[in-house]
Amino acid sequence: MKKLFWILCVLWTAIQATLAETPAPKPAASATHGFSAFGDLKYPEDFTHFEYTNPDAPNGGSLRLGNMGTFDSLNLYIVKGLPPALMGLTTANLLEEAYDRPGESYGYAAESVEVAPDNSSVIFRLNPKAKFSNGDPVTADDVIWIFETLRTKGVPMYRTYYKNISKVEKLDDKTIKFSFNTTTNRELPGILGQLPILSKKYYETHPFDETSLKAGPSSGPYEVDSASPGHSFVIKRVKDWWGKDLPSQKGRHNFDKIRSDYYLESNALFEGFKAGQYDLRQENSAKNWATAYTFPAFQKGFVKKEELKHSLSAGTVGLIFNARRPPFSDINVRKAMTLLFDFPWINKHLFYGLYNRNLSYYPNSDYEAKGPPSEGEKAILLPFQDKLAPEILTQSFTLPAPQSEADNRDLQEQAQNLLKEAGYEIKDSVMVNTKTGKPLTFEILIFDKALEKIMLNFALSVKRLGIEVKVRNLDTAAYQLRVDNLDFDMIYSGIGQSPSLGNEQRDYFGSERVDTPGTRNLFGIKNPVVDQLIEQLINATTFETLTNTAKALDRVLLWNYYMIPSWHNDSIRVAYWDRFSRPKVIPKYHGLDISSWWFDREKDAKLKQQPAGKMPTSEAKTSFLDKIRSWFPW
């Protein structure tokens, strides 16, 4: 009996040991209709449409737009070529971003998303209705092919964007699994949700990495109708488009056709709008907004203008220094030039007082660093204290705001002292390098004549210290070629910023691909503190941590003077011929969501009732000149 008792004890001990060594099963993942980087989804599984769309919006009519410059390719995803922005409407993504909640997206080409409980992977299940405009179904093979192609042949952004994706595998014809090499990158599922859907079958016989004016089958709401470089680009709505009734698409993409006409010069672009050659323009000229809307069509109410309020970041915009090469490789030179930019004068005399100065790389957003750093920001910055300017931990970042000639003279003296520290001195009224004797000169590249007065004013301020500045206005293609090849001293440019910052910051400000042609790190930033703050931002687990880290990053960028910050207002200025309607709700993080507007036949009829020959038609017609161009496409 005792022997049996001891046998049972030994068996029980063995069983307990085995159970202790067996890992507890992981919580099961569950598929959902969308993804949120922070917290719960706003829209429930049975939602029918976004709040900022009208599900009953009628389809039909056309929208005509105007653009500066030209295009020479229909491929959005490679460095080569200059594609039209409207090409983005020809592709569906796995998920559709919500414009009223940061970091949130919902089913599109993928009907569900399943994130592992430990955030080590994500599974997308494709919508069985998803298909290309030629009738081919969208499959897992298409998704895997475009993912691998983008990170090997696409613009450099994708290599940094997908840096934490370790593996992609096909579970079945409609299911794809992406595995991660980290569990702390909260937004990876959302990033993969932005993956565009292109046809693997088409690109098996067409090179992906070459420019082309031929487009493959569309997965999105529109397909290419015609493409005439330097003249026009037209897309038409796909007949019986598979995604039109999806909750994330309902009430959107309502125009039968969207046409974009190209102009070589900004004044001609505005005159084209006044003449009714296109329907809608986002007005970026403060002078036009303040003084130019006096033409008859506006006075009679045929043209409307509105300021649409939003909470979207104004973006990272300014005069960007190329810190890869002299003279702007020296922070003292960059700081001196910043002191010499007289924004108050420019705002008063050229902008009619309509703008606020940017004091952030994320102005008008939750991530803007304001005032001295908070305790949360200090905690993030303190480990880097020995690598930072001491002011970062104690002071607000400010920019000069001279109000008198005496103020300007004081700023010139400060700038001259900074240039002296950088190794320059004035000799015979010319600022020269004390070692080489070479004059300090640089070039500002622009592609819009409207910027010339601003840049020439800046050049005049700089010339007072004996520095020669050349303002070069290039056509769009030549400008883009030089920028892509990092061949510039200074440019006026910008980067749109997301309501939910994350992996894209690596491409904007990170060191990894700073010298790669086509990089979006235009500044030439190679700063280990910036790199580490970006990684902390990406790995933030709460919105509070994200905002504090972003503000800390903002301060480091500002105090290193990588650009002369630009200006903004908190609304989008838009003017349009009164033949459209739009939803009453404006999405918080997208002030001008044209995809939810629609052609209003009643309003268009009223315009057509005006005296013959006075009002433009709403339909894009082919002129005799258009026909001549089609005969001789070169």
Side-chain angles (χ1 to χ4, degrees), residues 66-69 263-274 281-295 305 314-322 328 334 336-358 363 399-405 407-409 411-412 415 441-476 478-480 482-483 488-494 522 563-569 571-573 575:
N67 270 303
M68 281 278 292
Y263 295 76
L264 294 178
E265 195 268 330
S266 56
N267 287 332
L269 181 64
F270 185 59
E271 291 301 317
F273 176 72
K274 288 165 60 178
R281 69 183 265 118
Q282 185 173 329
E283 186 56 78
N284 295 318
S285 167
K287 180 181 179 181
N288 281 349
W289 194 253
T291 67
Y293 285 84
T294 58
F295 50 96
K305 68 174 189 174
T316 303
V317 187
L319 282 87
I320 294 174
F321 299 110
N322 187 351
F328 299 132
R334 301 197 298 267
M337 296 304 103
T338 303
L339 293 177
L340 295 174
F341 189 82
D342 190 352
F343 174 74
W345 189 95
I346 290 171
N347 195 33
K348 180 180 178 181
H349 293 92
L350 301 181
F351 296 162
Y352 300 84
L354 292 177
Y355 286 108
N356 299 312
R357 187 72 187 271
N358 291 353
L399 288 168
Q403 301 300 316
S404 65
E405 190 56 37
D407 290 342
N408 280 316
R409 285 195 297 270
L411 289 169
Q412 287 171 27
T441 65
F442 63 90
E443 180 183 68
I444 305 175
L445 291 187
I446 59 173
F447 65 91
D448 186 349
K449 192 173 178 63
L451 291 169
E452 274 189 345
K453 285 186 178 179
I454 303 165
M455 300 309 149
L456 289 172
N457 175 271
F458 176 51
L460 185 62
S461 296
V462 172
K463 192 170 185 177
R464 291 171 183 165
L465 284 184
I467 303 168
E468 192 68 32
V469 178
K470 184 173 184 178
V471 179
R472 184 184 291 272
N473 189 2
L474 302 176
D475 65 74
T476 310
Y479 171 88
Q480 194 61 52
R482 286 193 58 180
V483 171
F488 63 90
D489 298 322
M490 177 185 283
I491 55 174
Y492 180 82
S493 190
L522 301 172
M563 74 172 180
I564 302 175
S566 182
W567 42 86
H568 78 282
N569 60 26
S571 62
I572 291 175
R573 298 187 295 252

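Residue numbers run from 1 in the order of the sequence given.
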Closest non-hydrogen atom pair between S566 and Y492, with its separation: OG-OH, 2.8 Å

Atom pair CE (M68) and CD (E265), whose distance is rounded to the nearest 0.5 Å: 6.5 Å

Spacing of OG1 belonging to T476 relative to CG belonging to D448, to within rounding of 0.5 Å: 8.5 Å

Distance (rounded to the nearest 0.5 Å) between I446 CD1 and L319 CG: 10.0 Å

All side chain to side chain contact (heavy atoms under 4.5 Å, CB included) counterparts of V469, not counting sequence neighbours: F442, I444, A459, V462, I467

Separation between CG of L460 and CG of L340, rounded to the nearest 0.5 Å: 11.0 Å

For Y479, all residues meeting ring-ring contact (aromatic ring centres under 6.0 Å, His included), sequence neighbours excluded: F447

Sequence neighbours excluded, every pair satisfying side chain to side chain donor-acceptor pair (under 3.5 Å) that has a member inside residues 454-469: none

Partner residues of K449 under the salt bridge (charged side-chain N to carboxylate O under 4.0 Å, His left out) criterion, sequence neighbours left out: E452

Those residues that, when tested against N67, pass side chain to side chain contact (heavy atoms under 4.5 Å, CB included) (two or more places apart): S260, Y262

Within-4.5 Å side-chain heavy-atom neighbours: P565 and L399: yes

Euclidean distance, F343 CZ relative to N358 CG, rounded to 0.5 Å: 8.0 Å

P402: partners by side chain to side chain contact (heavy atoms under 4.5 Å, CB included), with sequence neighbours left out: D342, P344, P400, D407, N408, L411

Stepwise side-chain contact (heavy atoms from CB on, under 4.5 Å) test for V483 and S493: CA-CA 10 Å; V483 171; S493 190; over 6 Å; no

Any residue meeting ring-ring contact (aromatic ring centres under 6.0 Å, His included) with F351, in chain and number order, not counting sequence neighbours: Y355, W567

Residues F341, I346; criterion side-chain contact (heavy atoms from CB on, under 4.5 Å); working and verdict: CA-CA 9 Å; F341 189 82; I346 290 171; 3.6 Å; yes

Expected output: side-chain N322 to main-chain F488 donor-acceptor under 3.5 Å: yes

Donor-acceptor under 3.5 Å (D475 side chain, A478 main chain): yes

For R281, all residues meeting salt bridge (charged side-chain N to carboxylate O under 4.0 Å, His left out), sequence neighbours excluded: E283

side-chain contact (heavy atoms from CB on, under 4.5 Å) evaluation trace for M563 with T316: CA-CA 9 Å; M563 74 172 180; T316 303; 3.7 Å; yes

Listed partners of R482 passing salt bridge (charged side-chain N to carboxylate O under 4.0 Å, His left out), at least two apart: E443, D487

Reported CD1-to-CD1 distance for the pair I491 and I320, which is rounded to 0.5 angstrom: 5.0 Å

Qualifying residues under ring-ring contact (aromatic ring centres under 6.0 Å, His included), relative to Y293, sequence neighbours excluded: F270, W289, F295, F298

Atom of A314, atom of H568 and distance for their closest heavy-atom approach: CB-CB, 3.5 Å

Steps toward side-chain contact (heavy atoms from CB on, under 4.5 Å) verdict (I572, Q282): CA-CA 7 Å; I572 291 175; Q282 185 173 329; 3.7 Å; yes

Partners passing salt bridge (charged side-chain N to carboxylate O under 4.0 Å, His left out) against K470 (at least two apart in sequence or in another chain): none

Results of side chain to side chain contact (heavy atoms under 4.5 Å, CB included) for T291 - residues two or more places apart only: K287, Y352

